[in-house]
A.B. asks: 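Supplied in structure tokens, the structure appears directly below.
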2 protein chains.
Amino acid sequence: MSHAELQLNNQICFRLYAATRLITQAYTPMLNALGITYPQYLVLMVLWEQDGQTVNDIAHRLLLETNTVTPLLQRMEKQGIVTRTRGEKDKRQQIVSLTDQGKKLEDIAYELIPAGMGDRLSACPLELADYKHLAGELDAIISTLKH
Amino acid sequence: MSHAELQLNNQICFRLYAATRLITQAYTPMLNALGITYPQYLVLMVLWEQDGQTVNDIAHRLLLETNTVTPLLQRMEKQGIVTRTRGEKDKRQQIVSLTDQGKKLEDIAYELIPAGMGDRLSACPLELADYKHLAGELDAIISTLKH
DNA sequence: CGTTTTTATATCGTTTACGATGCAAAGATA
DNA sequence: TATCTTTGCATCGTAAACGATATAAAAACG
């Protein structure tokens, strides 16, 4: 069996890639009920935590480039979830704010998502301690690799 | 602090999402040297393990839909990395085979990727045991959520 | 103050992902 | 065997990601 290091089964990266897509897919039915996508949900979580952030703030928080976030926000603005207004002090900045609709989604998300994901993962043999381990290991990878 | 369950920092999903993108980005310089993308690299790993698989085989192995894999293979065929030929017994099937160029990439990948990723992750505090834990936890999530 | 550089965002092109749908070949059934 | 269903793949539309590039405003500098 040649080049064992290259084999798919030994790869952390493929597992991350697969697990990420599967978890995102598990979110999808709940997010459909909210009328949003997973990356849009991430933006909303950032804004629910602190409203009125700039494109850069949001991008840094999500470890994304602004050229990913800008079109995402444009779509969310078109859907009436957020507004974008130029900064007063610094006219280059776009201040992103939740609309009433965007604020209401937090309560609906809170109703649907923890319960829905709990259901979806109820058959998963991982304990709370395992999830904490997992979080720690992922954080180690993230802080090593993030710029 | 309202709705703590929704907070970004508590989310495994965001960590997976971020770690996956960062690791994929870490692969990118090496993969650029091979002239391929990360999903194309995944397809090659599947074919290096066993040449001559169908679109369905590859999609199942990568937990992707065929409507993702088909265009990916079309691009790889255009680049001369693989060929696609209709199955003889079953003319619906496309048999995907490595070209000489696709086979050669395995050696180059073996030269570049383990070393390159080792470098990139050398500052990561995780031990081999941690990576094994991580793999196990990801496998648990994957097998719970995969259809 | 005028010029240069940096910063914040936007635009463009390419490649993934994936839901929805189409289509032809194979298999199942009456 | 004729029809119905399933299977394997392809096509289309939309939304991310992200490299490359553009642009206007702000900051730094001479």
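Residue numbering restarts at 1 for every chain, and letters A, B, ... go by the order of the sequence lines. All values below were derived from every heavy atom in this structure, side-chain atoms included, with hydrogens, water molecules and symmetry-related copies excluded. Just so you know, these numbers come straight off a predicted model, no measurement behind them.
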A.B. asks: Which nucleotide in the set dT16(C), dC9(D), dA16(D) lies at the smallest distance from any side-chain heavy atom of Arg75(A)?
C.D. replies: dA16(D)
A.B. asks: Which nucleotide, dT11(D), dA17(D), dT9(C), lies nearest any side-chain atom of Thr70(B)?
C.D. replies: dT11(D)
A.B. asks: Taking atom P of dA10(C) as reference, at what distance in whole Å does atom NZ of Lys91(A) sit?
C.D. replies: 16 Å
A.B. asks: Would you say Ser122(A) and Asp119(A) are linked by a side-chain donor-acceptor pair, where the criterion is simply a distance under 3.5 Å?
C.D. replies: no
A.B. asks: Of the listed nucleotides (dC9(D), dA17(D), dT11(C)), which one gets closest to any side-chain atom of Pro39(A)?
C.D. replies: dA17(D)
A.B. asks: Under 4.0 Å, heavy atoms only, any strand: does Thr24(B) hit a base, just the sugar-phosphate, or nothing?
C.D. replies: nothing
A.B. asks: Could you state the interatomic distance from CG (Leu72(B)) to CG (Asn67(B)), rounded to the nearest 0.5 Å?
C.D. replies: 11.5 Å
A.B. asks: So, is Gln93(A) close to the dA25(D) phosphate, meaning a side-chain N or O under 4.0 Å from OP1 or OP2?
C.D. replies: no
A.B. asks: Regarding dT9(C), can its base be found pairing with the side chain of Arg92(A) as donor and acceptor, where the two atoms are less than 3.5 Å apart?
C.D. replies: no
A.B. asks: What integer distance in Å separates Arg84(A):CZ from dT9(C):C1'?
C.D. replies: 9 Å
A.B. asks: Over how many whole Å does the gap from Glu65(B) atom CD to dA10(D) atom C1' extend?
C.D. replies: 14 Å
A.B. asks: Rounded to whole Å, please give me the gap between CZ in Arg86(B) and C1' in dA25(C).
C.D. replies: 9 Å
A.B. asks: Rounded to the nearest 0.5 Å, what separates atom CE in Met117(A) from atom CD in Gln11(B)?
C.D. replies: 9.0 Å
A.B. asks: Answer with base, sugar-phosphate or nothing: what part of the nucleic acid does Thr68(A) contact at a heavy-atom distance below 4.0 Å?
C.D. replies: base
A.B. asks: Heavy atoms only, 4.0 Å cut-off, all strands: where does Arg21(B) land among base, sugar-phosphate and nothing?
C.D. replies: sugar-phosphate
A.B. asks: Just wondering, do Trp48(B) and Leu105(B) contact through their side chains at under 4.5 Å, heavy atoms?
C.D. replies: yes
A.B. asks: Under 4.0 Å: is that the gap between some side-chain N or O of Asn56(A) and OP1 or OP2 of dT9(C)?
C.D. replies: yes
A.B. asks: Is Tyr17(B) close enough to dA17(D) that one of its side-chain N or O atoms is under 4.0 Å from OP1 or OP2 there?
C.D. replies: yes
A.B. asks: Take atom CD of Gln74(A) and atom C1' of dT11(C), then tell me their distance rounded to the nearest Å.
C.D. replies: 9 Å
A.B. asks: Within the 4.0 Å heavy-atom criterion, would you say Thr28(A) contacts the bases, only the backbone, or no part of the nucleic acid?
C.D. replies: nothing
A.B. asks: Check the distance between dG8(D)'s C1' and Gln53(B)'s CD and give it to me in whole angstrom.
C.D. replies: 15 Å
A.B. asks: Look at the rings of Tyr27(A) and Tyr41(A) and say which category their plane angle falls in: under 30° parallel, 30 to 60° tilted, over 60° perpendicular.
C.D. replies: tilted
A.B. asks: Any side-chain heavy atom of Gln94(A) sitting closer than 4.5 Å to one from Arg86(A)?
C.D. replies: yes
A.B. asks: Using only modelled atom types and a 3.5 angstrom limit, is any donor from either the side chain of Asn67(A) or the base of dG19(D) paired with an acceptor on the other?
C.D. replies: yes
A.B. asks: Given atom CD of Gln94(A) and atom P of dA24(D), what is their separation to the nearest angstrom?
C.D. replies: 15 Å
A.B. asks: Hey, is the side chain of Gln40(B) poking within less than 4.0 Å of OP1 or OP2 on dT15(C), counting only N and O atoms?
C.D. replies: no
A.B. asks: Of the nucleotides dC18(D), dC9(D), dA26(D), which one has an atom closest to the side chain of Asp90(A)?
C.D. replies: dA26(D)
A.B. asks: For the side chain of Thr66(B), counting heavy atoms from C-beta on, which of dA16(D), dA10(D), dT9(C) is nearest?
C.D. replies: dA10(D)
A.B. asks: Between C1' on dC18(C) and CG on Leu31(A), what's the gap in Å once rounded to a whole number?
C.D. replies: 14 Å
